[in-house]
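In this chain, numbering begins with 1 at the start of the sequence shown. Hydrogens, waters and symmetry mates play no part in the numbers below; they use all other heavy atoms, side chains included. Whatever order the structure lists them in is the order used to number ligands and atoms, beginning at 1. Keep in mind that what you see is a predicted model, and the values were worked out from it rather than measured.
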Amino acid sequence: MPNLTAPEPDSVPESGAVGLSLSGSGGVSPGRVAAGSPRLLVLGGTTEGRALAARVPVISSLAGRTSRPLLPPGEVRIGGFGGVDGLVRYLRAERIDAVVDATHPFAATMSGHAAAATSQAGVPLLVLRRPGWTSQPGDVWHRVPDLPAAAALVPALGERVFLTTGRQSIAAFAALDECWFLSRSVEQPTDPMPRRLEVLLDRGPFTVDAEIALLRQHRIDVLVTKDSGGTTAKLDAARARGLPVVMVNRPPLPAGVPTAATVDEAVSWLAQRG
Ligand code: NAP
C-alpha cells in the first residue's frame with residue numbers, strides 16, 4: 001500500500017509547532033503530523049476531507065479509486081485497510097488518537113467499518129457529512145431509496161437520461177435497453193453498462209449555464225443523481241429546463257456516532273481532543 005506525501009505548503013510550521021491549538025478563525029497550518037502531536041486520521045475522498053486537511057495536520061486516507069486523485073495537503077495514504085480488522089490494526093500500529101470519517105455520504109461500507117473499528121480500538125470517531133439537498137419551488141423530484149429503485153422508475157419519466165451517480169453505479173441501469181444514457185464520471189465505467197450509452201469523463205465543479213447547455217445539447221428528459229449535497233448546478237439546471245430528477249436517498253449513518261455538518265464543526269471537535 002503506497003504512502004504518499006503531497007507537496008507541503010510554504011506555511012508548514014516548524015516541527016513541534018504543529019498541534020491543535022487553533023490560531024484565529026482559520027486553525028493551524030497543515031503539514032506533516034509533528035512528533036508529540038495528536039495523530040488524526042481523516043477518511044477522505046471528498047471536498048470536506050481536503051478542506052479539513054488544509055486546516056489541521058492530519059493523515060488523510062483515500063481509497064485509491066481514481067488514477068489522478070485530488071490530493072489533500074499533508075500526509076496521505078492510499079488504499080483499503082483490509083476490512084474492519086485491518087483498520088483496527090492500522091489504528092493501533094499508527095497510534096491514531098481520533099478519526100474523522102469525511103467520506104462521501106454514499107461510501108456506506110467505509111463508514112460502517114470506521115464505526116466498528118474505532119469502537120473496537122477505543123478511538124473517538126466523528127462523521128463529517130455535508131447536508132443533503134432540499135427541493136425548491138419548481139423542482140420535480142422523485143426520491144427513491146436506492147439505485148435499483150431509481151432504475152425501476154427512470155423509464156416512466158423519459159427516454160434520454162443524464163446519469164450522474166458515478167461509474168460504480170452504472171451497472172444498476174445496464175438492463176434498461178429502452179433508455180439512452182449520458183453518464184458523467186471521473187473515470188471510465190466498466191461492464192455491465194447500458195447498451196445505449198455515451199460516457200462523459202469530467203470532474204466538477206460545473207456552472208449552471210454549462211449544465212443547462214449540456215441538458216439541451218443531449219435533449220435530456222430526466223436527471224438521476226445521488227443526494228450527495230454540495231454544489232447545486234445540475235439541480236438548478238434541471239429546474240430551469242423543467243426536468244424531473246430522480247434523487248437517490250442517502251444510506252443511513254452508523255448508529256450512535258457524533259456528526260458534524262461543516263468543516264468548522266469538525267475542527268472544533270478535533271480541537272477538544274488536542
Ligand atoms: P465504500 O464502498 O464505502 O468502501 C469500499 C471499500 O473501499 C472499503 O471497505 C475500504 O476498503 C475502501 N475505502 C473506501 N474509502 C476509503 C478511504 N477513504 N480510505 C481507505 N480505504 C477506503 O467506498 P466507495 O463508495 O467505493 O468510495 C470510495 C472512496 O471514494 C471514498 O473515499 C469516498 O469518499 C470517495 N467517493 C465516493 C463516492 C460515492 O458515490 N460512493 C463519490 C465521491 C467520492 P477496506 O475494507 O479494504 O478498508
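Among protein heavy atoms, atom 47 (O) of ligand 1 sits closest to G82 N, 2.9 Å. The protein heavy-atom contact nearest to atom 44 (C) of ligand 1 is G45 O, 3.4 Å. Distance from atom 38 (C) of ligand 1 to its nearest protein heavy atom, with residue and atom name: H104 CG, 3.3 Å. The nearest protein atom to atom 48 (O) of ligand 1, hydrogens excluded, is given as F81 N, 2.7 Å; this is a heavy-atom distance. When only non-hydrogen protein atoms are considered, atom 25 (O) of ligand 1 lies nearest to A107 CA, 3.5 Å. Looking only at heavy atoms of the protein, atom 11 (O) of ligand 1 is closest to G80 CA, 3.6 Å.
Under 4.0 angstrom from ligand 1, there are no non-hydrogen atoms of R167. With a heavy-atom cut-off of 4.0 Å, L87 does not touch ligand 1 at all.
Considering only heavy atoms from C-beta on, L128 stays 4.5 Å or farther from T46 through its side chain. Contact check for R129 versus T259: no side-chain heavy atoms found under the 4.5 Å cut-off. Using a 4.5 Å heavy-atom cutoff, the side chains of L270 and R55 are not in contact.
Side-chain N or O atoms of T103 include none that pairs as donor or acceptor with a backbone N or O of L43 at under 3.5 Å. Checked by atom type and distance alone, the side chain of R160 pairs as donor or acceptor with a backbone atom of H218 at under 3.5 Å.
Among the candidates R241, R184, K234, R216, the single residue satisfying the salt bridge (charged side-chain N to carboxylate O under 4.0 Å, His left out) test with E211 is R184.
When each atom of ligand 1 is checked for a heavy atom of H113 under 4.0 Å away, the hits are 9 (O), 46 (O). Which parts of ligand 1 touch S61 is read off a 4.0 Å heavy-atom cut-off, strictly below it: atoms 17 (C), 18 (N), 19 (N), 20 (C). Atoms of ligand 1 found under 4.0 Å from any heavy atom of A108 (numbered from 1 in listed order, with element): 3 (O). Against a heavy-atom cut-off of under 4.0 Å, Q168 is close to the following atoms of ligand 1: 26 (O). Residue G83 has at least one heavy-atom neighbour below 4.0 Å for each of these atoms of ligand 1: 45 (P), 46 (O), 47 (O), 48 (O).
Nearest residue to atom 28 (C) of ligand 1 from S60, P251, A63 is A63 (criterion: closest heavy atom). Nearest to atom 26 (O) of ligand 1 by heavy-atom distance, out of R65, M110, R77, K226, is R65.
The closest approach between G86 and ligand 1 stays at or above 4.0 Å for every heavy atom of the residue. Using a 4.0 Å heavy-atom cutoff, G79 is listed among the residues neighbouring ligand 1. Under a 4.0 Å heavy-atom criterion, G44 is in contact with ligand 1.
Residues L70 and M110 do not share a hydrophobic cluster, clusters being chains of Ile/Leu/Val/Met/Phe/Trp/Tyr side chains in contact below 4.5 Å. Cluster annotation: L147 is not connected to L223 through the hydrophobic network of ILVMFWY side chains, with a link wherever side-chain heavy atoms come within less than 4.5 Å.
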(message) Applying salt bridge (charged side-chain N to carboxylate O under 4.0 Å, His left out) to D139 and R239, what does each step give before you reach the verdict?
(response) CA-CA 5 Å; D139 283 330; R239 187 185 317 112; 2.8 Å; yes

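Ligand 1 has no N or O atom lying under 3.5 Å from any N or O atom of T46, backbone or side chain.
We find the CG-SG distance between L197 and C179 to be 12.0 Å, quoted to the nearest 0.5 Å.
Pairing each heavy atom of E48 with each of V263, the nearest pair is O-CG2, 3.9 Å. The heavy-atom pair separating R250 from G229 by the smallest distance is NH2-N, 3.8 Å.
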